[in-house]
Each structure stands twice: as C-alpha cells, then as structure tokens.
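Below you'll find the structure, written out as structure tokens, and then a few comments.
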Amino acid sequence: MTTINDIAVSSTEMGDRIERLGVVGRGPGGGLVRFLYDDAWRAATDLVEGWMRHAGLQVRRDAVGNVFGRLPGTTDGERTILTGSHIDTVRSGGKYDGALGIIGGIAALAALKERAGRPRRSLEVVAICEEEGSRVAGNLFGSRGMLGLTSTAETAQLTDADGIAVADMMTRVGLDPARVPTAARRDVDHFVELHVEQGPVLDDTGVQIGVVTGIAGLRHQLLTVCGRPDHAGATPMDRRRDALQGAAAMALMIDDVTRCSGSPAVATIGQLQVLPGSVNTVAERATFSLDLRHPSDPVRHRLLTEIAGHCRIIADRHGLAVEITDRWEEPAAQMDTGLQQLLADTADDSGVSWSSLPSGAAHDSQLWARHVPTSMIFVPSVGGRSHCEAEYTPLEDCVRGATMLARVLYRMAY
Ligand code: HGY
Ligand code: MN
Ligand code: MN
C-alpha cells in the first residue's frame, strides 16, 4: 500500500523546467514579459502542454486558452480536484510567480500517477491563461473563464494599451471568442494552488511551508489630475495649476494615510503618466494608478473614502480637478479551514515545518475560494522579493512545496 512518504516529485525535472520556462519571454532587461496571448505566452503554453503529455495526462485547451492535464478518476471520475496557477507575468517579472504552481502541479500529478496509480477522484493541473492584469485590465481572466464569469462581449470591450481587443488577440492565437462561455466548468470540487510567498515571512523565520489562511482584498483605481498647460519659463509659480505637483502631493498623502492606518494596509502607485510630457511645459494632466490592499473589506473601503476626500482637498488647494475611476476590486478571501488542517497534518506527517500566514498578494485562489473549498501552499521567497527579476526560491524549497501538494492531493483523491 502507498503511504504519503512514498510520494515525492522529481527534483531534476522540476529544476530543468523552472529554468526552461524561466527564459520564455525574457526581455532585454532580464525580467520576464509574458502577457496574455502574446508570442511568449504562446511558446509557454506549448511548453507546458508538452510536459503534461510527457506525464501521461489527458491534455486539452479550453476556449480562453487555459491548458489542462487530467489524471482521470475511477469511482468518482466526473468530479475534479484542480491544481495549478497562472502562466502570465507582470512586466519584468520573475520566473516563479505562477510558473511554480504549474510546474509543481504537473510534477505532483506525474508522481501520483507513477507511485499510486489512478485516483478515485479526477485530478487536473491547469496553466491558467491570465491572472496579472498586465496586458489588459482583465485580472483573473483565466479563472473567470472557468467559473463562467466572463463573456464574448467582454472580449470585444477589453483592450490593451494599443487598443487591440482581447477578441482579436484570441483570434490571432487560434481561439474563437464566440466560444468563451464553453470554458465554464461545473465539475470542480476543490482548488489547490502552490505559489511562492512573494513576501519575507517564511524566509525570515526559516519555516519551510506556509499554510495560507486568507488573501487580502484589493482595489485598483486610476486617478486623473487635470490642471493647465503653461510655459515653464514665463509662468510665475503662484499662477500655475500644475497637475503633476497635485499628483505628487496626493501620492505623499496616500503613503501617509496608509502608514498611519498601520500594517497590513498597503498602497502602491506603480504607474504615472504626465501630459503633454514636455520638459518645458507645466503638466496639464497627470494620471496615476493606485493599488490599495487590506484583508478587511470595511477597512479598505474606509481608507479609500479617506484618500478620495484628501485628494479633493489637495486638488482644490492647487486649483486642479481630480477624477477617480475604479478599475478592479477583489474582496478578501478565506482559505478553507478543513484543507488548511489537511495541509498542516500532511506537513507534520512529512516532518516539514509549517506556519499559518495570510497572503498579501492576490491569486487565482482568491476567486476560486468564493466558489469551492480552496487552499494555498506557500514556499519561501528569498529576501521576500517578487514581481522582479530577483525573485528566487531554492530548488529544494520548490520540490518540497510540490511534494506537499502531491501528498495533499493523494489524501484528497485516493
Ligand atoms: O497583484 C497581485 O498580487 C498578483 O501578483 N497578481
Ligand atoms: Mn504576480
Ligand atoms: Mn502569482
């Protein structure tokens, strides 16, 4: 009889795959740029599809481009336990965010097939087509597709910075936007995601595995500050309506308000555009993004209301107008307590150290958790670095995470 300690993933294969996927989309600066339906995305999905086939899984792609590898079950074969993560990256991203959950998921299913044979319940690994919102503000587009939360109409409306509609991107990679609704699934019972922590907790404490308790909620906004263009040399300082100076005051205020609220509130301004963009013209318009997160939805909403109020006061003081547009909101999510316990017990039985921790980063699991019992396994991120080329997790930790995933899936499906 198989016991969980008989189940282990191949370290050589995982190491090789992390490196191979880790160069697909590598830009001149070194980081990865692998955006929804671009050439790197295409190459990456082909690569992982090949690995799924090599593992002897039944492979298919759905209508939005999610790639699945299935290990069919025997007695309860119609229902599925799904694992996986996203194949896309942020701009200049690292090679572990998302990729580890796919590579680790394939390794886990391959190990289970080899060591334990066919499961009772079907197991699937998925390379999710999009999570980051890097190319279009379609965050979690792949998981939304599987959950029936997107539509053909949305693919016509959503465009990238060059005005290309998702529908046209899809056609270019051989997907039919009219078929988007067929990506919806009703057979998924659980979602389990392996991911790098992307923060410093596990690395600082030397704990091997994180059992995720919940995921912070977030809102993305676009703030547009409007002033008046004037000559940089001839306009006295007291006659200016400088949009960038207003935006800068707002940025400092947002940092202050968030710090005063205390941890775990976080606010990030990652994008700023100034128009007309001349060195010698006072800024007419400054547009910046705001990413604000907190695990308590009411606290997040209160902070956003406070920030909006201060923005209006700053705008008035500078003779400016400010417009705030909501781009995306994802409420906080709780991971399933039964699955957290199962993961903790499995770590104990494997002699692996673990601790419970919340996720500050957003994940596909955040959406899945509203629909099916969901859990996340974290492995350490060296220095807590992520969303940059420096993102790194030693192979030994990646292998340990994938082995924990395989053992948890074994307990759930066999
Ligand atoms: O933004 C996030 O937290 C995630 O990495 N998409
Ligand atoms: Mn990310
Ligand atoms: Mn991720």
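For reference, positions follow the sequence shown, starting with 1. Just follow the structure's listing: the first ligand is 1, and inside any ligand the first atom is 1. Computation of the quantities below employed the complete heavy-atom set of this structure, encompassing side-chain atoms and omitting hydrogens, waters and symmetry-equivalent molecules.
- Residue H363 is tested with W368, F378, F191 for a ring-ring contact (aromatic ring centres under 6.0 Å, His included); the sole match is F378.
- Atom OD1 is the N/O/S atom of D97 found closest to the Mn ion (ligand 3).
- For ligand 1, the polar-atom distance check against A362 finds a nitrogen or oxygen pair separated by under 3.5 Å.
- At a cut-off of 2.8 Å, E131 is not counted among the residues with an N, O or S atom near the Mn ion (ligand 3).
- Contact check on R327 versus D291 returns no salt bridge, with no Lys/Arg side-chain nitrogen under 4.0 Å from an Asp/Glu carboxylate oxygen.
- In summary, H387 places an N/O/S atom under 2.8 Å from the Mn ion (ligand 2), meeting the contact criterion.
- Under a cutoff of 6.0 Å and an axis angle of 45°, R185 and F68 form a cation-pi pair.
- Side chain of D189 to backbone of I81: no donor-acceptor contact under 3.5 angstrom is found.
- On a distance-only criterion, D291 and ligand 1 share no N/O pair closer than 3.5 Å.
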key: Evaluation steps, side-chain hydrogen bond (donor to acceptor under 3.5 Å, both in side chains), between R302 and S296   = CA-CA 10 Å; R302 183 179 56 66; S296 157; over 6 Å; no
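- Of the options H86, Q198, R293, the smallest heavy-atom separation from atom 1 (O) of ligand 1 is shown by R293.
- Distances below 4.0 Å separate heavy atoms of E131 from the following atoms of ligand 1: 4 (C), 6 (N).
- Between E131 and A362 the shortest heavy-atom distance is OE2-O, 3.2 Å.
- Between the NE2 atom of H195 and the NE2 atom of H86, the angle centred on the Mn ion (ligand 3) amounts to 120° when rounded to 10°.
- Note on E132: its N/O/S atom closest to the Mn ion (ligand 2) is OE2.
- A donor and an acceptor atom, one from each side chain of S381 and Q198, are nowhere located under 3.5 Å apart.
- Aromatic ring orientation, Y392 versus Y96: perpendicular (interplanar angle above 60°, classes split at 30° and 60°).
- No donor-acceptor pair under 3.5 Å is formed between the side chain of D297 and the backbone N or O of P331.
- Of all atoms in ligand 1, listed by their number and element, those nearer than 4.0 Å to a heavy atom of E132 are 4 (C), 5 (O), 6 (N).
- Contacts between H387 and ligand 1 below 4.0 angstrom, taking non-hydrogen atoms only, involve the side chain exclusively.
- If you number the atoms of ligand 1 from 1 as listed, the ones under 4.0 Å from a heavy atom of A361 come out as 3 (O).
- Distances from the Mn ion (ligand 3) show that H363 has no N/O/S atom below 2.8 Å.
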